[in-house]
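Values in this document were obtained by computation on a predicted structure and should not be read as measured data. Below, all heavy atoms of this structure are taken into account, side chains as well, without hydrogens, waters or symmetry copies.
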Amino acid sequence: MPLFYLQISSVTHAYRGQRLLESRGIPAAVQRDSRFASARGCGYQIRVRNQDPGAVRSLLVQSGIRVLGIKDGDGNDIL
(Lines give C-alpha, C1' and ligand atoms only; values in the text may rest on other atoms or scores of the structure.)
Protein backbone atom coordinates (compact mmCIF):
# COMPACT_ATOMS: atom_id res chain seq x y z
CA MET A 1 0.00 0.00 0.00
CA PRO A 2 1.89 3.09 -1.18
CA LEU A 3 -0.12 5.89 0.48
CA PHE A 4 -2.98 5.93 2.96
CA TYR A 5 -4.68 8.25 5.41
CA LEU A 6 -5.75 7.36 8.95
CA GLN A 7 -8.75 9.40 10.02
CA ILE A 8 -8.31 10.44 13.64
CA SER A 9 -10.90 11.64 16.15
CA SER A 10 -9.08 14.81 17.26
CA VAL A 11 -6.17 17.03 16.32
CA THR A 12 -4.49 16.20 19.63
CA HIS A 13 -4.64 12.47 18.90
CA ALA A 14 -3.45 13.06 15.35
CA TYR A 15 -0.26 14.74 16.57
CA ARG A 16 0.21 12.12 19.30
CA GLY A 17 -0.13 9.45 16.63
CA GLN A 18 2.35 11.17 14.36
CA ARG A 19 4.93 11.35 17.14
CA LEU A 20 4.36 7.70 18.04
CA LEU A 21 4.76 6.53 14.45
CA GLU A 22 7.87 8.62 13.90
CA SER A 23 9.38 7.27 17.13
CA ARG A 24 8.98 3.81 15.58
CA GLY A 25 10.70 4.89 12.35
CA ILE A 26 7.48 5.37 10.36
CA PRO A 27 7.40 8.76 8.59
CA ALA A 28 3.99 10.39 9.08
CA ALA A 29 2.36 13.77 8.53
CA VAL A 30 -0.77 15.32 10.04
CA GLN A 31 -3.08 17.21 7.76
CA ARG A 32 -6.60 18.59 7.69
CA ASP A 33 -9.18 16.81 5.55
CA SER A 34 -11.90 19.24 4.51
CA ARG A 35 -13.95 16.35 3.03
CA PHE A 36 -14.14 14.61 6.39
CA ALA A 37 -17.65 14.44 7.84
CA SER A 38 -17.79 16.69 10.89
CA ALA A 39 -20.16 14.23 12.60
CA ARG A 40 -17.30 11.71 12.79
CA GLY A 41 -14.64 13.97 14.24
CA CYS A 42 -12.71 17.16 13.73
CA GLY A 43 -11.32 16.31 10.30
CA TYR A 44 -7.67 15.49 10.85
CA GLN A 45 -5.76 12.60 9.40
CA ILE A 46 -2.30 11.09 9.48
CA ARG A 47 -0.69 10.46 6.09
CA VAL A 48 1.58 7.40 5.89
CA ARG A 49 3.45 5.78 2.97
CA ASN A 50 4.75 2.30 2.28
CA GLN A 51 3.52 0.62 5.46
CA ASP A 52 0.91 -2.02 6.27
CA PRO A 53 -2.29 -0.05 7.11
CA GLY A 54 -3.54 -2.73 9.50
CA ALA A 55 -0.28 -2.81 11.44
CA VAL A 56 -0.15 0.98 11.69
CA ARG A 57 -3.78 1.12 12.84
CA SER A 58 -3.12 -1.55 15.48
CA LEU A 59 -0.11 0.35 16.80
CA LEU A 60 -2.17 3.52 17.18
CA VAL A 61 -5.17 1.78 18.75
CA GLN A 62 -2.96 -0.08 21.24
CA SER A 63 -1.57 3.31 22.26
CA GLY A 64 -5.05 4.71 22.93
CA ILE A 65 -5.47 6.66 19.70
CA ARG A 66 -8.90 6.24 18.15
CA VAL A 67 -8.76 5.59 14.40
CA LEU A 68 -12.08 6.32 12.69
CA GLY A 69 -11.13 4.89 9.32
CA ILE A 70 -8.41 4.41 6.75
CA LYS A 71 -8.54 5.70 3.19
CA ASP A 72 -6.27 5.22 0.19
CA GLY A 73 -4.85 8.07 -1.86
CA ASP A 74 -8.08 8.24 -3.90
CA GLY A 75 -10.29 8.58 -0.83
CA ASN A 76 -11.61 5.00 -0.87
CA ASP A 77 -12.08 3.10 2.41
CA ILE A 78 -9.49 0.36 2.81
CA LEU A 79 -10.12 -0.87 6.39
Side-chain angles (χ1 to χ4, degrees):
M1 178 67 46
L3 174 68
F4 61 93
Y5 300 89
L6 300 128
Q7 297 171 325
I8 306 299
S9 60
S10 74
V11 66
T12 302
H13 281 194
Y15 281 107
R16 275 186 52 214
Q18 177 192 25
R19 286 191 303 273
L20 172 69
L21 294 174
E22 290 182 342
S23 75
R24 303 286 170 92
I26 301 170
V30 172
Q31 62 187 52
R32 183 105 165 103
D33 182 0
S34 59
R35 299 169 296 165
F36 197 46
S38 61
R40 292 186 61 205
C42 66
Y44 282 86
Q45 58 191 4
I46 301 173
R47 184 183 70 224
V48 178
R49 290 185 185 276
N50 301 320
Q51 300 291 323
D52 174 16
V56 172
R57 180 185 185 281
S58 293
L59 179 62
L60 293 174
V61 170
Q62 289 172 2
S63 298
I65 297 170
R66 186 171 168 220
V67 178
L68 302 176
I70 303 176
K71 296 195 178 285
D72 66 15
D74 295 324
N76 301 311
D77 290 328
I78 57 174
L79 283 180

Inset, instruction - Measure the spacing between CD1 of Ile26 and CG of Asp52 and express it to the nearest 0.5 Å. - result: 9.5 Å
Inset, instruction - Could you walk me through whether Phe4 and Lys71 pass the side-chain contact (heavy atoms from CB on, under 4.5 Å) test, one step at a time? - result: CA-CA 6 Å; Phe4 61 93; Lys71 296 195 178 285; over 6 Å; no
Legend entry - Ile70 side chain reached by Asp77 side chain, heavy atoms, under 4.5 Å: no
Inset, instruction - Side-chain contact test, heavy atoms from C-beta onward, threshold under 4.5 Å: evaluate it for Pro27 versus Val48 and give yes or no. - result: no
Legend entry - From Leu59 atom CG to Ser23 atom OG, the distance as rounded to the nearest 0.5 Å: 7.5 Å
Inset, instruction - Check side-chain contact (heavy atoms from CB on, under 4.5 Å) between Arg47 and all other residues, then give those that pass, not counting sequence neighbours. - result: Leu3, Tyr5, Ala29, Gln31
Inset, instruction - Measure the CD-CD distance between Gln18 and Gln45 for me, rounded to the nearest 0.5 Å. - result: 12.5 Å
Inset, instruction - Hey, could you give me the CG/CG distance between Leu60 and Leu21, rounded to the nearest 0.5 Å? - result: 4.5 Å
Inset, instruction - Examine distances only and state if a side-chain atom of Arg24 and a backbone atom of Arg19 form a donor-acceptor pair shorter than 3.5 Å. - result: no
Legend entry - Tyr44 side chain reached by Asp33 side chain, heavy atoms, under 4.5 Å: no
Inset, instruction - Please check if the side chain of Asp74 supplies one atom and the backbone of Asn76 the other of a donor-acceptor pair under 3.5 Å. - result: no
Legend entry - Tyr15 OH to Ile8 CD1 distance, which is reported to the nearest 0.5 Å: 12.5 Å
Inset, instruction - Would you give the length of the straight line joining atom CD of Glu22 to atom CD1 of Ile46, rounded to the nearest 0.5 angstrom? - result: 9.5 Å
Legend entry - Contact check, side chains of Val67 and Gln7, non-hydrogen atoms, under 4.5 Å: no
Legend entry - Taking every non-hydrogen atom, the tightest pair across Ser63 and Leu20: OG-CD2, 3.3 Å
